[in-house]
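Since the structure is predicted, the reported quantities are computational estimates derived from the model, not experimental observations.
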Amino acid sequence: MYYYDKTFEDFDFIFVKDAINAAQIAYFSKKDYKKYLIKGFDYGLKLDHLRWIKLFEPDLKKLLIDKNLIKEHTARKKEYLKKIDLEYLNTLYIFGIQDQLDKQTPNRRLYDVKKRKSFLKIEEFIREKGFPGEKLLGIQDSTVFKDSNSKYKDLYERIKKYKKLYYFKSDDQILSQEMIYLLMIHNFCSYNTLEDIWLKEIKKGNVHPRDVALLHDNIYRGSTCNDPKTPYKNNLFVYYTKYSNLNKEINNKRAKLFITSLEIDQLKIDYEQNYGFKFFWGFWSCR
């Protein structure tokens, strides 16, 4: 746990999935794990998120009513909410909901025109304000505006007037932002459009390296951009069969973006299946 502790001490921002993963490892190792849950509260973690982790099931009922954890969460949530750029988040909601409406048009060419036009505006915001990840907007939360006493409406309040958006849900359990990724995966070349800023945004903490890898590999899902020679193998909806003999090249590429190897990812999957851990979070479980 030394490296987790040092990282959490040295950096003023962490991705909340690192805190919850540290808590799981400590719990499994019979060490103090609650301190990592408390650390996660600083970045949007809720006790309800523990319901998604099978490993915690033996103590889940106790954790959900733990008076000290509830007290810590209540206090830290107030400070967490103060840091969120609510206007920027509101803008993303507007774009995201409109995109969901636009994509239902039977005229695919018209949708392509609309989403490209929309993404040009989104790109301007990203270059001006920074990538709209958790550092700027917090994690996905269906009640974030209400909890912040904001004038803006939360997702379900916004979409209830659109019957055809009955399927649209707020994935509060992913421990990352959501709306920006929905917008970007629909624009298959979005990785290329912002290629010049990715490393800078990673270093600022505005975007997770594995999110960048997800968007890079999303290129393979479309036909408007040239496929990269080597993928990151970090997108659930890409068929990587033709790249099955490139693991060495893929691991080298991952390392340059500070991403663990394919072999380490497989070990995480093994621990999830065998012991009830949940190591993969984020949009499409890309982290």
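For K62, there are no side chain to side chain donor-acceptor pair (under 3.5 Å) partners two or more places apart in sequence or in a different chain. Residues passing the side chain to side chain donor-acceptor pair (under 3.5 Å) test with E157 are K160, sequence neighbours excluded.
Minimum interatomic distance between I185 and L215 (heavy atoms only, all atoms of both residues): CG2-CD2, 4.3 Å.
For the 3.5 Å distance criterion, the side chains of E178 and S170 fail to qualify, holding no donor opposite an acceptor. Using modelled atom types and a 3.5 Å distance limit, the side chains of E263 and N247 yield no donor-acceptor pair. One side chain, Q24 or N21, offers a donor N or O that lies under 3.5 Å from an acceptor on the other. No hydrogens or angles considered: a donor-acceptor pair under 3.5 Å links the side chains of Q100 and Y167.
Inter-residue side-chain proximity for L89 and Q177 is flagged as met; some heavy-atom pair is nearer than 4.5 Å. The closest side-chain heavy-atom distance from Q104 to L165 is below 4.5 Å. With contacts defined as side-chain heavy-atom distances shorter than 4.5 Å, the pair K17/H208 qualifies. Within the 4.5 Å cutoff, side-chain heavy atoms of L155 are placed close to those of Y93. Looking only at side-chain heavy atoms (C-beta outward), Y220 and N235 stay at 4.5 Å or farther from each other. W284 is not listed as a side-chain neighbour of N234, based on a closest heavy-atom distance of 4.5 Å or more. Contact check for Y33 versus L63: side-chain heavy atoms found under the 4.5 Å cut-off. For the pair F283/M184, no side-chain contact is recorded, criterion being any heavy-atom separation below 4.5 Å from C-beta on.
Y88 contributes atom OH, which lies 6.5 Å from atom CG of L137 (distance to the nearest 0.5 angstrom). Here OH of Y80 is found 8.5 Å from OG of S148. Values are rounded to the nearest 0.5 Å.
More than 12 heavy atoms of other residues, nucleotides or ligands lie within 6.0 Å of CG in D196, so this atom counts as buried by the packing criterion.
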Next on the checklist: Between K46 and D172, is the salt bridge (Lys or Arg N to Asp or Glu O under 4.0 Å) condition met? List the steps.
Outcome noted: CA-CA 10 Å; K46 299 180 180 181; D172 290 11; 5.2 Å; no

Next on the checklist: Between M1 and D32, does the side-chain contact (heavy atoms from CB on, under 4.5 Å) criterion hold? Intermediate values first, please.
Outcome noted: CA-CA 10 Å; M1 307 305 297; D32 178 16; over 6 Å; no

Next on the checklist: The test is salt bridge (Lys or Arg N to Asp or Glu O under 4.0 Å); show your working for R254 and D265 and say whether it passes.
Outcome noted: CA-CA 12 Å; R254 281 173 159 233; D265 276 5; 3.0 Å; yes

Next on the checklist: Between K82 and E79, does the salt bridge (Lys or Arg N to Asp or Glu O under 4.0 Å) criterion hold? Intermediate values first, please.
Outcome noted: CA-CA 5 Å; K82 289 178 184 178; E79 296 305 311; 3.2 Å; yes

Checklist entry - Between R127 and L194, is a side-chain contact (heavy atoms from CB on, under 4.5 Å) present by the stated rule, with each step listed? => result CA-CA 9 Å; R127 292 186 180 278; L194 296 167; 3.9 Å; yes

Checklist entry - Checking salt bridge (Lys or Arg N to Asp or Glu O under 4.0 Å) for the pair K83/D42: CA distance, chi angles, key distance, verdict? => result CA-CA 10 Å; K83 299 175 184 178; D42 291 334; over 6 Å; no

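A salt bridge links D211 with R287: the closest approach of a Lys/Arg side-chain nitrogen to an acidic carboxylate oxygen falls below 4.0 angstrom. A salt bridge is absent between D112 and R109; no separation between the charged side-chain nitrogens and carboxylate oxygens falls under 4.0 Å. At a threshold of 4.0 Å, the pair K121-E124 does not count as salt-bridged, since none of the basic side-chain nitrogens sits closer than that to a carboxylate oxygen.
Residues L183 and F237 fall within the same hydrophobic cluster, defined by Ile, Leu, Val, Met, Phe, Trp and Tyr side chains chained together at heavy-atom separations under 4.5 Å.
Less than 6.0 angstrom separates the ring centroid of F15 from the ring centroid of F13. For F168 and Y162, the ring centers are positioned 6.0 Å apart or more.
Only one option out of Y232, F188, W198 pairs with H216 in a ring-ring contact (aromatic ring centres under 6.0 Å, His included); it is Y232. Exactly one of Y275, F56, F277 qualifies for a ring-ring contact (aromatic ring centres under 6.0 Å, His included) with Y27. That residue is F56.
Grouping Ile, Leu, Val, Met, Phe, Trp and Tyr by side-chain contacts under 4.5 Å, direct or through others, leaves Y111 on its own.
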